[in-house]
**Student:** 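I'd like to ask you about the structure that follows.
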Amino acid sequence: MNSIRKITIGIALLSLAITSWGAVPDGWTSDYEEATATAETEDRLVLLMFTGSDWCVWCKRVHQEILDTPVFMEWAKENLVLVYVDFPRKDYRTAKVKEQNDSLDKQYDVSGYPTMVLTDPAGEELKRLSYMQGGPKTFIRAIQRARKGR
C-alpha cells in the first residue's frame, strides 16, 4: 500500500508540473489586441514581457522576485495590462500567438530576454525595463516615473 501511495503522489506531482509548464501565468494575457483594447477602455498602460519562459534564467528570476509577487500583481491589476510575449524552446503557443510574438519582437526591436516594454494603449513605447534589484516596489516606482512623463 505504501508504494502505491508513493506512485500516486508522484503521478499527481508530475501532472501538476506538466500542466503548469507551458502556460501564460495568472494575471497575464498573450492576446496583444485584446490587451490594448482593455488598456484603452480602462486607461491603463501595457507591460509587454518578452521572455523565454522555459530556458531564460533571468526571466525566471524577474518573475520570482518581481512579477509574481503579491505586491506587484495587486498594483498591476489597477494600473497595467500584462502581456506575456513568450519564446519558449518547448513550444506550446498557437500559430496565431507565434506570429503575433514574432511581430512584436520586431516592432519593439528586442535583442535579449527578459525585456519588458511599457507602452501606452496605442503601443507607443514609454520605457524599456529589465531585471532590477530592489523587488517589486523599485520596479513599480520605475513604471510610475515613466507614466508621469507620459
Side-chain angles (χ1 to χ4, degrees), residues 9-94 96-121 123-150:
I9 290 171
I11 290 171
L13 290 173
L14 180 61
S15 32
L16 178 63
I18 289 170
T19 55
S20 65
W21 168 81
V24 176
D26 287 343
W28 294 76
T29 182
S30 62
D31 189 331
Y32 178 69
E33 288 182 24
E34 180 183 296
T36 55
T38 300
E40 180 70 37
T41 303
E42 297 179 7
D43 190 33
R44 293 194 273 164
L45 299 179
V46 176
L47 182 67
L48 300 161
M49 170 57 168
F50 290 86
T51 184
S53 64
D54 63 353
W55 60 268
C56 173
V57 174
W58 285 102
C59 298
K60 292 174 184 181
R61 190 166 175 185
V62 78
H63 266 282
Q64 180 183 21
E65 293 180 21
I66 299 169
L67 302 178
D68 292 342
T69 64
V71 169
F72 177 77
M73 290 305 293
E74 283 300 314
W75 182 83
K77 280 181 194 176
E78 301 296 320
N79 297 281
L80 301 172
V81 179
L82 304 172
V83 182
Y84 201 64
V85 187
D86 197 7
F87 295 90
R89 288 195 178 134
K90 294 177 183 165
D91 214 343
Y92 64 90
R93 303 168 301 160
T94 64
K96 180 182 176 184
V97 171
K98 286 180 191 180
E99 184 179 316
Q100 168 201 269
N101 290 5
D102 288 341
S103 176
L104 289 169
D105 193 58
K106 287 177 186 148
Q107 177 181 344
Y108 291 103
D109 193 27
V110 174
S111 60
Y113 307 116
T115 297
M116 289 159 283
V117 179
L118 184 68
T119 75
D120 67 13
E124 182 181 331
E125 185 173 330
L126 303 174
K127 185 164 186 71
R128 195 164 285 238
L129 303 147
S130 191
Y131 174 81
M132 61 179 63
Q133 293 182 335
K137 291 182 181 179
T138 299
F139 192 78
I140 290 167
R141 279 193 299 272
I143 292 172
Q144 289 171 326
R145 283 191 299 269
R147 183 176 190 126
K148 287 179 183 174
R150 184 176 162 202

**Student:** How close do V46 and D120 get, counting heavy atoms only, and between which atoms?
**Tutor:**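 Minimum heavy-atom separation between V46 and D120: CG2-O, 4.3 Å.
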**Student:** Taking all non-hydrogen atoms of both residues, which atom of S30 and which atom of V97 are closest, and how far apart?
**Tutor:**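 The pair with the smallest heavy-atom distance is OG-CG2, 4.0 Å.
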**Student:** Over all heavy atoms of both residues, which pair between G27 and L82 is shortest? Give the atoms and the distance, please.
**Tutor:**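 Scanning both residues completely, I find the closest heavy atoms to be O-CD1, 3.6 Å.
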**Student:** Could you tell me which residues satisfy side-chain contact (heavy atoms from CB on, under 4.5 Å) with A37, sequence neighbours excluded, listed by chain and number?
**Tutor:**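 Partners of A37 under the side-chain contact (heavy atoms from CB on, under 4.5 Å) test: none.
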**Student:** Verify, without hydrogens or angle tests, whether D86 (side chain) and S53 (backbone) share a donor-acceptor contact under 3.5 angstrom.
**Tutor:**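 Such a contact is found between D86 side chain and S53 backbone.
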**Student:** How about W55 and K90: do any of their side-chain heavy atoms sit closer than 4.5 Å?
**Tutor:**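 Result no, sub-4.5 Å side-chain heavy-atom pair not found.
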**Student:** Check the pair L47, L129 against side-chain contact (heavy atoms from CB on, under 4.5 Å), reporting the backbone distance first and the verdict last.
**Tutor:** CA-CA 10 Å; L47 182 67; L129 303 147; 4.2 Å; yes
**Student:** Which heavy atom of M132 sits nearest a heavy atom of A142, and at what distance?
**Tutor:**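 Smallest heavy-atom distance, with atoms named: CE-CB, 4.1 Å.
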**Student:** In terms of relative ring orientation, are W28 and Y84 parallel, tilted or perpendicular, with 30° and 60° separating the classes?
**Tutor:**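 Ring orientation, 0 to 90° scale: perpendicular.
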**Student:** Does the side chain of L118 reach to within under 4.5 Å of the side chain of L80, using non-hydrogen atoms?
**Tutor:**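 With C-beta onward as the side chain, the pair touches.
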**Student:** Under the rule for salt bridge (Lys or Arg N to Asp or Glu O under 4.0 Å), what residues qualify as partners of K98, not counting sequence neighbours?
**Tutor:**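 For K98 the salt bridge (Lys or Arg N to Asp or Glu O under 4.0 Å) partners, ignoring immediate neighbours, are D91.
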**Student:** Tell me the closest heavy-atom pair linking P88 and D54, and the distance in Å.
**Tutor:**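 Residues P88 and D54, closest heavy atoms: CA-OD1, 3.3 Å.
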**Student:** What are the two closest heavy atoms between D43 and R147, and how far apart are they?
**Tutor:**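 Nearest pair, atom of D43 first, then R147: O-NH2, 3.2 Å.
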**Student:** Taking side-chain hydrogen bond (donor to acceptor under 3.5 Å, both in side chains) as the test, write out the residues that go with E99, two or more places apart.
**Tutor:**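 None.
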**Student:** Could you tell me the separation between the CZ atom of R93 and the CD atom of Q100, rounded to the nearest 0.5 Å?
**Tutor:**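 So the CZ of R93 and the CD of Q100 are separated by 9.5 Å.
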**Student:** Assess whether side-chain contact (heavy atoms from CB on, under 4.5 Å) is satisfied between T36 and T119, documenting all intermediate values.
**Tutor:** CA-CA 9 Å; T36 55; T119 75; 5.7 Å; no
**Student:** Among residues at least two apart in sequence or on other chains, which ones pass salt bridge (Lys or Arg N to Asp or Glu O under 4.0 Å) with R128?
**Tutor:**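 Partners of R128 under the salt bridge (Lys or Arg N to Asp or Glu O under 4.0 Å) test: E125.
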**Student:** Using side-chain hydrogen bond (donor to acceptor under 3.5 Å, both in side chains) as the criterion, list what pairs up with E34, not counting sequence neighbours.
**Tutor:**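 Residues passing side-chain hydrogen bond (donor to acceptor under 3.5 Å, both in side chains) with E34: none at all.
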**Student:** Side-chain donor-acceptor contacts of residues 64-74 below 3.5 Å, not counting sequence neighbours, with atom names and distances?
**Tutor:**
from	atom 1	to	atom 2	distance (Å)
E65	OE1	Y131	OH	2.6
E65	OE2	R61	NE	2.6
D68	OD1	H63	ND1	3.0
T69	OG1	I66	O	2.7
T69	OG1	F72	N	3.3
E74	OE2	K77	NZ	3.1

**Student:** For residues 103-117, dump all side-chain donor-acceptor pairs below 3.5 Å to protein atoms at least two apart in sequence or in another chain.
**Tutor:**
from	atom 1	to	atom 2	distance (Å)
Y108	OH	Y32	OH	3.4
Y108	OH	G123	O	2.6
T115	OG1	G112	O	2.5

**Student:** So, do T38 and R44 sit near enough that their side-chain heavy atoms are less than 4.5 Å apart?
**Tutor:**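 Yes, side chains in contact.
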